[in-house]
Amino acid sequence: MNEILSLVLGSMQSDVTRLERTGMNIANAGTVGYKREIVSAMPFAARVGAATGAGVPGTPESTPMSVRFDPRPGTLKSTGLSLDLALGGPGWFEVTTDQGVNYTRQGNFRVDSRGRLVTQQGHPVMGTAGEIQMPAGQPVIDASGRILDPAVPAGAGRAQAVAQLKVVQFEGGAPMDRVGEGRFRIEGDAAAVPEGALQVQQGFLENSNVSHMHEMVRLMETMRHMETMQKVAIGYDDMLATSIRKLGEGS
């Protein structure tokens, strides 16, 4: 009997987590570069095994579900601002923080008092040669991520490119941890995005990849499932009370 209650309560706890993550997705539907969170529940057979003590290797009862990030890119919106950058293909901008190297697709950058390209929070955006010192004037950034000095005409005797954005990618399924402010900590070996696949779009920002319609459907599904599990728990409690009463009457 306790195993049934354990399954029901575990399922309801999963629903609570799913509601929290869905609510967070909806709240960040307008956040630049936001990646929606997906909740995956433990298979029902594994839940039963964990609740009954049969055990399923690799699926302890303490971890009935997992949360991962949807890596699919969002749509792009035009801003016309020279320091707004979006990636039209794969990859992540690399930034450095006091806590180490982070990655982001939130490309609403700015220039700080030291002339460096930084995030809105002041974290340096990295180039292939380190921190990026921006040229004076309105910078031009091409699709390959080269930052060009507007004071140097194309074909001039000195180099027009002053820096190269560092855009990296990871193997599929690399563990990701959201650290806030649009930044992620990603485990695994970072590799440069091949030049042919790199698509830096100047004057654009990447929208969140959250779909309001999809999230609202998930919200309604989860609420109905929680209501069903609540009815099961109440029914189980009534059945248990009836059994105890009959046992008392029989004695």
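Keep in mind the model is a prediction, meaning the values are calculated, not measured.
Asp189 has its side chain out of reach of Glu171: every pair of non-hydrogen atoms, C-beta onward, lies at least 4.5 Å apart. Proximity of Leu85 to Gln202: side-chain heavy atoms (C-beta onward) are separated by under 4.5 Å at one or more points. Counting heavy atoms from C-beta on, the side chains of Pro194 and Gln169 come closer than 4.5 Å.
Arg110 meets the salt bridge (Lys or Arg N to Asp or Glu O under 4.0 Å) test with no other residue; sequence neighbours excluded. For Arg146, the salt bridge (Lys or Arg N to Asp or Glu O under 4.0 Å) criterion is met by Asp142, not counting sequence neighbours. Remark: Glu215 pairs with Arg36 by the salt bridge (Lys or Arg N to Asp or Glu O under 4.0 Å) rule, at least two apart or across chains. Partners of Glu20 under the salt bridge (Lys or Arg N to Asp or Glu O under 4.0 Å) rule, at least two apart in sequence or in another chain, do not exist in this structure. Scanning for ring-ring contact (aromatic ring centres under 6.0 Å, His included) contacts around Tyr34 gives an empty result, with sequence neighbours left out.
Surrounding CD of Glu221 are more than 12 heavy atoms belonging to other residues, nucleotides or ligands, all under 6.0 Å away.
Across all non-hydrogen atoms, the minimal contact from Leu83 to Pro139 is CD2-CG, 3.8 Å. Looking at every heavy atom in both residues, Thr104 comes nearest to Gly182 through OG1-O, 2.7 Å. Summarising the geometry of Gly88 relative to Leu76, their closest heavy-atom pair is CA-CD1, 4.3 Å, with the distance given to 0.1 Å.
One distance of note links CZ of Arg185 with CG of Asp177; it measures 4.5 Å at 0.5 Å rounding. Between atom CD of residue Gln106 and atom NZ of residue Lys35 there is a gap of 11.0 Å, rounded to the nearest 0.5 Å. Put simply, OG on Ser82 and CD on Gln138 are 4.0 Å apart, with the number rounded to the nearest 0.5 Å. Within the model, atoms CD1 of Ile141 and CG of Leu165 stand 5.5 Å from one another, a figure rounded to the nearest 0.5 Å. With rounding to the nearest 0.5 angstrom, the OG1 atom of Thr75 is 8.0 Å from the CD atom of Glu206. Atom CD1 of residue Ile26 and atom CZ of residue Arg21 lie 14.0 Å apart, to the nearest 0.5 angstrom.
The hydrophobic cluster containing Val210 does not contain Met216, counting ILVMFWY residues as joined when their side-chain heavy atoms lie under 4.5 angstrom apart, directly or transitively. No continuous path of ILVMFWY side-chain contacts below 4.5 Å connects Leu87 to Val118, so the two sit in separate hydrophobic clusters. Taking hydrophobic clusters as Ile, Leu, Val, Met, Phe, Trp and Tyr residues chained together by side-chain heavy-atom distances below 4.5 Å, Leu19 does not share a cluster with Val217.
Evaluation of the ring pair (Phe, Tyr, Trp, His ring centres under 6.0 Å) test over residues 194-233, restricted to residues two or more places apart or in two chains, returns none. Counting only residues at least two apart or in different chains, salt bridge (charged side-chain N to carboxylate O under 4.0 Å, His left out) contacts with residues 126-139 comprise Arg116-Glu131. Among residue pairs with one or both ends in residues 122-148, none qualify as ring pair (Phe, Tyr, Trp, His ring centres under 6.0 Å); sequence neighbours excluded.
When hydrophobic side chains of Ile, Leu, Val, Met, Phe, Trp and Tyr are connected at separations under 4.5 Å, Ile234 ends up as a singleton with no cluster partners. Hydrophobic cluster membership of Val140, counting Ile, Leu, Val, Met, Phe, Trp and Tyr whose side-chain heavy atoms lie under 4.5 Å apart directly or via other members: Leu148. Here Leu205 sits in one hydrophobic cluster together with Val32; the rule is ILVMFWY side chains under 4.5 Å apart, joined directly or through other members. Membership of the apolar cluster around Val168 extends to Phe69, Trp92, Val101, Tyr103, Phe170, Met176, Phe184, Ile186, as traced through chained side-chain contacts below 4.5 Å between ILVMFWY residues.
In summary, Asp112 and Arg114 do not engage in a salt bridge, as defined by a charged side-chain N under 4.0 Å from a carboxylate O.
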Determine whether Lys166 and Ile132 satisfy the following criterion, side chain to side chain contact (heavy atoms under 4.5 Å, CB included), listing intermediate values before the conclusion. CA-CA 10 Å; Lys166 187 174 184 181; Ile132 298 174; over 6 Å; no
Pair Gln133-Val162, side chain to side chain contact (heavy atoms under 4.5 Å, CB included): steps then yes or no: CA-CA 8 Å; Gln133 288 294 137; Val162 298; over 6 Å; no
Would Asp84 and Phe109 count as a side chain to side chain contact (heavy atoms under 4.5 Å, CB included) here? Give the steps. CA-CA 6 Å; Asp84 281 350; Phe109 302 136; over 6 Å; no
